[in-house]
Each structure stands twice: as structure tokens, then as C-alpha cells.
2 protein chains.
Amino acid sequence: MSPPDPQTRPVPRKAPRQARSLATVAAIVEAAARILEEAGHAGFSTNAVAERAGVSIGSLYQYFPSKDALIGALVRRETSLLLIDAEAAAALSCGRDALRTFIAACIAHQFRRPKLARLLDFEEARLPFDPETQRVGARIRASIAAMIGRPDLPPQPDPDTATRDLVAVIKGMVDAAGQHGETDPAALMPRVERATFGYLRP
Amino acid sequence: MSPPDPQTRPVPRKAPRQARSLATVAAIVEAAARILEEAGHAGFSTNAVAERAGVSIGSLYQYFPSKDALIGALVRRETSLLLIDAEAAAALSCGRDALRTFIAACIAHQFRRPKLARLLDFEEARLPFDPETQRVGARIRASIAAMIGRPDLPPQPDPDTATRDLVAVIKGMVDAAGQHGETDPAALMPRVERATFGYLRP
DNA sequence: CGCTATTATGAGCCATCGCTCGCAAACGGC
DNA sequence: GCCGTTTGCGAGCGATGGCTCATAATAGCG
């Protein structure tokens with residue numbers, strides 16, 4: 001029956017207190033990112049992550065109760081970066097400008113580490129309900145909902161669905177571009193804008 | 001060093017000759033599909049597939065030289081279904097009708113087995129270059145390129161890029177809808193159309 | 001029936017992987 | 001320097017999983 005239910009365990013086994021351990025935690029998460037983008041799921045083992053981070057496997061499990069918890073932390077580290085940009089964009093009063101700013105941020109985020117971004121999108125969907133991670137996603141969607149609700153954009157009959165659709169369109173296009181090897185944000189930007197604002201049209 | 005390079009091996013170890021073995025192969029592929037959609041990658045082991053198919057593990061490896069080869073066969077089985085619809089749609093002389101027909105087919109294909117479709121999209125991107133599988137994808141893209149080239153639709157400066165973008169938009173929206181639990185094609189259809197034709201606008 | 005090619009079997013090898021646990025080292029306040 | 005706390009260590013356990021191979025069952029055919 002496998003190790004008894006890794007999901008149920010209280011989240012971090014030990015919270016880092018000294019500067020030392022904070023560095024360890026950061027090194028582990030970054031090693032996880034690097035292994036994931038270099039070898040994909042195939043090479044992604046906790047032993048490999050620990051070795052790559054230059055720490056022992058025991059240290060890894062002192063801060064992450066399970067492999068999935070580590071992936072969750074990585075997902076959160078990356079999506080939080082996007083959340084910051086999303087909330088900044090949502091603060092703009094012009095909906096069109098806000099969406100454009102957000103799209104540009106998505107493209108920049110994706111082109112920074114394309115393979116990692118794509119793999120984490122998948123993991124985010126796969127992961128057992130991690131409330132912390134879900135809250136980040138919810139806040140990003142809330143920001144988008146605020147953008148498309150601005151008076152300069154056509155009103156949407158079902159804002160929640162429209163928000164989910166826009167996430168799907170933008171994520172889909174940007175992931176595909178990254179996977180195809182595109183590196184020029186300026187070339188991708190107008191295409192995503194066309195799909196986005198084309199969708200929003202009355 | 002793991003078993004010596006599973007990718008390099010000549011594709012099927014044995015080709016099925018009698019009706020019996022064709023049924024065995026079909027049972028294995030279908031079992032793979034069911035396990036994937038019920039348990040995701042977590043429960044997807046070749047031993048589990050063989051058991052579910054009601055055949056021995058040895059039989060599985062008589063027809064599929066590796067786990068990835070089995071996944072490849074499953075990917076091909078599913079995308080081939082979509083290819084048929086795509087080529088039928090591309091035969092229509094009106095580009096707008098053709099695209100609409102194709103979108104409807106994508107939605108139907110996705111709603112039939114949502115989780116499976118999503119997982120296989122991911123596998124298709126992950127798999128080492130399997131020429132057979134890639135040819136199917138290329139033919140689907142060729143069909144789409146033909147559709148958007150029809151005179152009733154706005155001419156696209158870069159048809160290849162436009163084709164890839166449309167695939168990304170449609171796949172992204174349809175996957176997301178399936179994952180969110182949507183089951184009504186009629187509700188999804190107009191939204192995908194808006195994004196698609198919005199993208200194509202001059 | 002006899003004979004060969006085809007198909008099916010499943011015990012088990014070997015590598016890997018997630019994870020534990022007992023212990024040692026480093027830190028920081030006194 | 002002393003000592004409790006925090007941090008780090010890594011051999012190794014138990015389980016799983018991809019895959020092999022020697023062998024048995026079955027099909028087709030004269």
C-alpha cells in the first residue's frame with residue numbers, strides 16, 4: 001500500500017529558522033527546476049534533486065514532506081512571479097492596456113524558462129488539491145476578471161467562463177510558441193492579442 | 001545505465017499475423033487508455049496494463065518494444081480519429097464552414113474521453129521523435145492550413161504560424177473546458193469560434 | 001495426427017526511487 | 001568554551017517497475 005498517504009502529512013516537516021537553512025531550501029527548489037527543465041519527468045527523482053542541490057537526501061526531506069510537496073513549492077515559486085505582474089497590470093484603469101501588459105508578462109515569463117513553464121503548467125493541473133497553490137491561481141484569475149470587467153472592453157455575459165477561456169488561450173499559445181522554439185516576444189505578442197481581443201468582441 | 005537504449009530498437013518485436021494477436025494488441029492499447037484516464041501516469045505501469053488487458057506481461061512486450069512505444073501507439077490511435085475528421089472538414093470549399101466543422105470535431109473528440117485526450121496531448125509533446133506519430137500531426141496541420149487558405153477567409157501573412165497558433169488556441173480552450181468538467185459542446189463551440197475567427201481577422 | 005510457425009505465459013532479474021532514521025556537525029546565546 | 005537547538009548527513013529499507021527469457025499452449029495446414 002505504499003508509504004502511508006503522503007498527502008495527509010502536516011506540510012513542512014521543519015520550518016527553516018536560520019539563514020543557512022533558507023539557503024538550503026532555495027537551493028533544493030532551484031535544483032528541482034533545473035532538473036525538470038533539463039531532463040523532464042524522466043530524470044526528476046528526489047535523490048537527483050538533492051545531489052544537484054549539493055545537499056543530502058535527508059536534508060531535502062527535512063523541508064519537503066514528499067516529492068509532490070517539492071513540486072508544489074516550485075509551482076508556487078513560479079506562479080507567484082506571474083501573480084505579481086498580473087496584479088500590477090490589473091491596477092491599470094484601461095482594460096485594454098491591462099490585458100496587453102498581462103499578456104506581455106505571460107510571454108516574458110514563458111520565454112524565460114520555456115520548458116519549465118510548460119512542465120509546471122501540467123503539474124499544477126495534476127497536483128492533489130494544494131490550497132496554497134490554488135489560492136495563487138485564483139488570485140491570477142481574479143486579476144484577469146477585473147481587467148475584462150473594465151468599461152472600455154465589451155461586457156462579457158459570463159465573466160468567469162471568459163476568464164478561464166482567456167487563460168486557456170494565452171497559456172495555450174504561449175506554451176506552444178515556447179515549445180516550438182520561438183524567442184521573440186514582439187513576434188508573438190500581436191498574435192496573442194488578436195486571439196484575446198477577438199474572443200472578447202461582442 | 002538502464003536497459004540499453006529502448007528508442008533504438010526496431011519498432012514492433014513481432015507483427016501480429018493471426019486474428020488472435022490483433023485482438024491482443026487492441027486489448028492492450030485499450031487497457032492502456034483506460035488505465036491512463038483512470039489513474040493518470042501514477043498508475044500507468046506496463047504490468048498494470050497487461051493485467052487490465054487480460055494478457056501476460058510477456059505478450060505486451062511481444063508487440064511493443066517499450067513502454068513509450070505503447071504510448072506512441074495509443075497516441076496514434078487517438079489522433080488518427082481526429083485526422084479523419086480534419087481531412088473531411090478540409091474538403092469543404094468554404095473555409096469558414098470547414099473550420100467550424102473541424103472545431104466541432106475537436107470538441108467532440110475531447111468530450112468523448114477528456115482526461116485521456118489531455119494526457120495524450122502531453123505525451124505527444126514529450127515523446128521522442130516517433131516519425132509515424134509526427135506524420136499524423138503534420139497531416140492535421142496541413143488540413144488546417146488548407147482551411148485557412150480558402151478565399152472566403154482573410155489571407156494570413158504567415159500560414160504556418162497561423163496554423164500552429166490555431167492548434168494552440170483550439171487545443172488550449174478545449175482541454176481546459178474538458179478539465180473543468182464541461183460537457184456541453186454547444187456552450188463551448190461559440191467561444192472557440194470567437195477566439196479562432198478573432199485571431200484570423202485582418 | 002503430426003509438424004512448424006505463431007502466440008501466450010509469468011516467475012523473476014536488476015535497477016531505481018521515495019523515503020526513514022540514527023547520528024554528527026554547525027550555530028548561537030551565554 | 002559550554003550546551004541546547006537547529007541543521008545536515010547518507011546508508012540503506014521496502015517497494016515498484018521495466019523488461020527478459022525459457023517454456024507452454026494454440027493455430028493453421030497437409
Side-chain angles (χ1 to χ4, degrees), chain A residues 1-28 31-32 35-36 39-73 123 127-128, chain B residues 1-28 31-32 35-36 39-73 123 127-128:
Chain A
M1 269 308 124
S2 73
D5 200 1
Q7 299 333 333
T8 326
R9 197 161 21 201
V11 189
R13 178 162 313 187
K14 244 174 195 169
R17 314 242 144 153
Q18 306 179 357
R20 216 168 29 132
S21 55
L22 283 174
T24 298
V25 169
I28 292 171
I35 290 199
L36 213 44
H41 289 104
F44 186 76
S45 72
T46 51
N47 286 305
V49 169
E51 188 183 6
R52 180 71 179 263
V55 306
S56 79
I57 181 65
S59 292
L60 188 154
Y61 278 94
Q62 250 172 15
Y63 300 107
F64 302 97
S66 70
K67 189 185 186 185
D68 276 355
L70 170 58
I71 296 177
E123 288 305 312
L127 275 183
Chain B
M1 273 305 129
S2 69
D5 199 1
Q7 298 333 332
T8 325
R9 196 162 19 200
V11 188
R13 177 164 311 188
K14 246 175 196 170
R17 313 242 143 154
Q18 306 179 356
R20 228 177 6 145
S21 56
L22 283 174
T24 299
V25 169
I28 292 171
I35 290 199
L36 252 191
H41 289 106
F44 187 76
S45 73
T46 52
N47 287 302
V49 170
E51 188 182 7
R52 181 70 180 262
V55 305
S56 78
I57 180 65
S59 293
L60 189 154
Y61 278 94
Q62 250 172 15
Y63 300 106
F64 302 98
S66 70
K67 189 184 185 186
D68 276 355
L70 170 58
I71 297 177
E123 288 306 309
L127 275 183

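Letters go in sequence order (proteins before strands), and every chain restarts at 1. Keep in mind that what you see is a predicted model, and the values were worked out from it rather than measured.
Expressed to the nearest 0.5 Å, how far CG of B/L36 lies from CZ of B/F44 amounts to 4.5 Å.
Each of D/dC9, C/dT20, D/dC19 was ranked by its minimum atom distance to the side chain of B/Y61; first place goes to D/dC19. If you check C/dA8, D/dC19, C/dG18 against the side chain of B/S66, the one that comes closest is D/dC19. With D/dG18, C/dC17, C/dC19 as the choices, the nucleotide that has an atom nearest any side-chain atom of B/K67 turns out to be D/dG18.
Looking only at side-chain heavy atoms (C-beta outward), A/Y63 and A/L70 stay at 4.5 Å or farther from each other.
Listed pair B/T24 / C/dA8 meets the phosphate criterion, a side-chain N or O lying under 4.0 Å from OP1 or OP2. Taking side-chain N and O atoms only, A/T46 has no distance below 4.0 Å to OP1 or OP2 of C/dC17. Contact annotation: B/S21 side-chain N/O to C/dA8 OP1/OP2 distance is not under 4.0 Å.
Computed from coordinates, the B/E51 CD to C/dG10 P distance equals 11 Å when rounded to whole Å. The nearest whole Å value for the distance from the OH atom in A/Y63 to the C1' atom in C/dG18 is 19 Å. In this entry the distance linking CD1 of B/I28 with C1' of D/dC19 reads 14 Å, nearest Å. Rounded to an integer number of Å, the gap from A/F64 CZ to C/dT20 C1' is 18 Å. When rounded to the nearest whole Å, the span between CG of B/D68 and P of D/dG17 equals 16 Å. For the pair B/Q62 CD and D/dT26 C1', the interatomic distance rounds to 13 Å; values are reported in whole Å. Residue A/L22 contributes atom CG, which lies 14 Å from atom C1' of C/dC27 at whole-angstrom precision. Straight-line distance from the CG atom of A/L60 to the C1' atom of C/dT20: 13 Å, rounded to whole Å.
Every pair passing salt bridge (Lys or Arg N to Asp or Glu O under 4.0 Å) that includes a residue from residues 45-66 of chain A is listed here, sequence neighbours excluded: A/E38-A/R52. Contacts classified as salt bridge (Lys or Arg N to Asp or Glu O under 4.0 Å) and involving residues 53-63 of chain A (residues at least two apart or in different chains) are not found.
Checked by atom type and distance alone, the side chain of A/S21 never pairs as donor or acceptor with a backbone atom of A/T24 at under 3.5 Å.
Heavy-atom minimum distance, A/F64 versus A/A73: CE2-CB, 3.6 Å. Considering all non-hydrogen atoms of both residues, A/L127 and A/G72 come closest at CD1-CA, 3.8 Å.
Defining each end axis of the helix from C/dC1-D/dG30 to C/dC30-D/dG1 as the rotation carrying four pairs' C1' atoms onto the next four, with five pairs an end, the two axes are found to diverge by 20° to 10 degrees.
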I'd like a table of atom pairs between the protein and nucleotides 10-14 of chain D - only N or O on both sides, under 3.5 Å - with the distance next to each one.
from   : atom 1 : to    : atom 2 : distance (Å)
D/dG10 : N7     : A/S56 : OG     : 3.4
D/dG10 : N7     : A/G58 : N      : 3.3
D/dG10 : O6     : A/G58 : N      : 3.4

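With sequence neighbours left out, the side chain to side chain donor-acceptor pair (under 3.5 Å) criterion links A/T46 to A/Y61. With sequence neighbours excluded, the residues satisfying side chain to side chain contact (heavy atoms under 4.5 Å, CB included) with A/A50 are A/V55, A/I57, A/L60. Residues satisfying the side chain to side chain contact (heavy atoms under 4.5 Å, CB included) criterion with A/A48, sequence neighbours excluded, are A/I35, A/S45.
Both B/A42 and B/A19 sit near DNA chain D, but only B/A42 has its closest nucleotide nearer the 5' end.
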